[in-house]
Amino acid sequence: MFFVSTRGEERVTGAQAIVQGIAGDGGLFVPEVFPAVTETEIEAMLGMDYPERAAFVLGKYLDEYDGAELLAALRAAYARFEESDPAPLVRVENGTYMLELFHGPTCAFKDMALTVLPYLLRKGCDILGVKEKILVLAATSGDTGKAALEGFKDAAGVKVMTFYPEEGVSKMQKLQMCTTEGGNVNVVAVRGNFDDCQTGVKRIFASAEYKKALAERGYLLSSANSINFGRLAPQIAYYFSAYCDLISSDQIKYGDKVDFAVPTGNFGNILAAYYAKRMGLPVGKLVCASNRNNVLTDFCTKGTYDSKRPFFRTMSPSMDILVSSNLERLIFELSGRNAALTADRMRALAEKGKYDVTQEELNLIRESFYAGFTSEDQTVECIYEFFTEYGYPMDTHTGVAMNVAQNYLESLKDVPNAEERPMVVVSTASPYKFPQDVLYALTGNDVKDSFKGIKRINLLTAMKVPESLKAIRYKPLRFKQVTAPAKMFDEVLKFINE
Ligand SMILES: *Cc1c(COP(=O)(O)O)cnc(C)c1O
């Protein structure tokens with residue numbers, strides 16, 4: 001299987017796509033074709049456990065990787081989760097399904113891929129005969145950073161560094177990152193928002209001069225962000241797994257379509273669902289849910305991507321994003337894989353902050369996606385109502401997805417003969433990861449201390465507190481550096497010269 005750049009002619013193998021992270025022309029690597037998964041194969045997947053299902057899906061893309069070894073790596077990765085099934089599908093009383101992706105070491109769905117990426121990267125280097133050490137960089141809106149740090153900490157031949165917006169992550173997210181252990185990790189706050197962090201990291205990737213400076217010191221750059229196909233691939237697997245679970249529990253039969261609602265920021269998670277659909281999974285609508293930073297809602301309804309707008313800090317910080325990187329992969333598909341056009345649009349986005357798609361492309365978007373957003377008050381209300389009615393506590397990101405899913409289902413009431421399909425809401429974080437905001441939503445009470453919040457939510461919901469969050473309370477704060485966006489590369493050099 002080969003991968004091509006969304007912006008040009010570059011064509012590489014899976015190992016190269018993962019090790020490089022981003023194409024030389026600034027584009028993102030996408031599979032040359034979508035491998036098909038047949039009905040017979042889905043039937044075979046019914047009898048598999050989660051790591052086997054994931055190995056099957058990943059194997060379709062990464063044929064250079066040894067299958068047995070890949071399975072062993074996935075087993076080891078998911079053995080670090082606190083539940084035996086890393087992606088359980090939970091049926092709530094009203095018939096909604098929650099795909100819980102937050103049982104990993106950092107309590108957010110990023111763990112589904114970032115516990116696996118170190119293996120994919122190391123093995124990729126072996127396959128390619130890369131001798132350099134690897135410097136993994138990540139820009140984070142809160143969750144990627146910690147998951148990358150946990151995934152890569154103390155990995156041989158790798159250093160990992162994350163940049164987060166100084167004021168743009170939750171207290172708990174900051175605490176998680178700044179208490180990370182391991183001798184090969186670094187965490188730096190950036191004066192700015194997530195887009196500043198992401199642009200800064202992309203600038204480092206795009207600079208021949210910076211890359212040369214790193215090469216002179218024996219380092220090769222790679223990315224832990226969802227621009228890296230190695231992040232995307234493990235995310236495709238859980239959509240297949242959820243579908244299998246619905247068949248196994250007699251909720252659907254093969255061929256029935258299922259809708260997925262995804263709380264969206266960088267468009268990585270929902271893009272994985274779209275890829276699953278392109279591989280043949282019977283997917284109905286993909287509900288693209290945003291918070292007040294509703295640039296994707298506007299794009300999916302009007303066909304203009306306009307990032308020049310006020311940026312809001314919300315209680316779903318991992319979705320506070322105005323430039324969604326992975327959308328580039330979708331518009332590449334919508335344009336009929338027109339790399340020149342994709343490159344033009346991305347140039348327009350960088351220079352003018354906006355671009356348009358055609359009416360035909362917009363129709364294609366509407367066919368696959370329903371997009372909506374929620375205000376902060378609506379999210380709070382939704383979390384409260386859902387817990388009061390069904391006893392199921394959601395985090396603030398999942399609350400956004402649930403609210404938009406409900407709006408979507410409501411909108412179907414006006415559609416004659418609308419097909420009734422199961423709705424799977426992708427639950428991306430543990431409520432304990434955002435304890436102050438979740439407690440506020442559940443009770444109206446404000447607490448200053450995150451751990452007090454955790455305790456109160458536990459008393460109220462009786463939901464088990466993740467061990468990893470309990471543990472950080474007593475860990476020392478190791479990282480306190482703050483830098484300007486323009487100084488990010490200086491921090492990188494300082495770190496690798498240590
Ligand atoms: C990263 C994240 C999101 C957004 O996912 P994307 O792949 O960036 O769209 C949503 N919820 C949580 C909890 C996250 O950590």
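Everything quoted here is computed from the prediction, not taken from an experiment. Whatever order the structure lists ligands and atoms in, that order sets their numbers, starting from 1.
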Point to revise | Element-labelled atoms of ligand 1 that are located less than 4.0 Å from some non-hydrogen atom of Ala429 | key: 13 (C)
Study note, to complete from the structure: Nearest non-hydrogen protein atom to atom 7 (O) of ligand 1, with distance, is Asn269 N, 2.9 Å
Review point. Is it true that Phe102 lies under 4.0 Å from ligand 1, counting heavy atoms only?
Key: no
Check your understanding: Which atoms from ligand 1 have a heavy atom of Thr428 less than 4.0 Å away?
Key -> 10 (C), 11 (N), 12 (C), 13 (C)
**Study point:** Per-atom contacts, ligand 1 versus Gly268 - under 4.0 Å to a heavy atom
**Key:** 6 (P), 7 (O), 9 (O)
Review point. Hey, does the Lys NZ or Arg CZ of Arg203 hover above the aromatic six-ring of Phe163, less than 6.0 Å from the centre and inside 45° of the axis?
Key: no
Review point. Which ligand 1 atoms does Asp143 reach within 4.0 Å, using its non-hydrogen atoms?
Key: 12 (C), 13 (C), 14 (C), 15 (O)
Practice item. Fit a plane to each ring of Phe386 and Tyr392, take the angle between them on a 0 to 90° scale, and name the class: parallel (under 30°), tilted (30 to 60°) or perpendicular (over 60°). Key: perpendicular
Study note, to complete from the structure: Counting from 1 in the order shown, the ligand 1 atoms closer than 4.0 Å to a non-hydrogen atom of Thr264 are 9 (O)
Exercise for review: Using a 4.0 Å heavy-atom threshold (strictly under), name the region of Phe267 that reaches ligand 1: side chain, backbone, both or neither.
Suggested key: backbone
Revision key, fill the gap. Judged by heavy atoms only, the candidate from Thr144, Asp395, Asn266 nearest atom 8 (O) of ligand 1 is Asn266
Study note, to complete from the structure: Only residue of Gln173, Gln176, Lys110 satisfying side-chain hydrogen bond (donor to acceptor under 3.5 Å, both in side chains) with Asp143 is Gln173
**Study point:** OH/Tyr119: more than 12 non-hydrogen atoms of other groups inside 6.0 Å
**Key:** yes
Study note, to complete from the structure: Closest to atom 9 (O) of ligand 1 among protein heavy atoms sits Gly265 N, 2.7 Å
Exercise for review: May I ask you to say whether Glu82 pairs ionically with Lys464, meaning some side-chain N is under 4.0 Å from a carboxylate O?
Suggested key: yes
Check your understanding: Do we get Arg292 above Phe312's six-membered ring, with its NZ or CZ under 6.0 Å from the centre and within 45° of the axis?
Key -> yes
Check your understanding: Can Asp259 and Arg421 be counted as an ion pair, charged N to O under 4.0 angstrom?
Key -> yes
Review point. Heavy-atom contact under 4.0 Å between Pro263 and ligand 1?
Key: yes
Review point. Will you find, in the side chains of Asn193 and Asp320, an N or O donor that is under 3.5 Å from an N or O acceptor?
Key: no
Check your understanding: Under 4.0 Å from ligand 1, counting heavy atoms only, is it the side chain of Lys110, its backbone, both or neither?
Key -> side chain
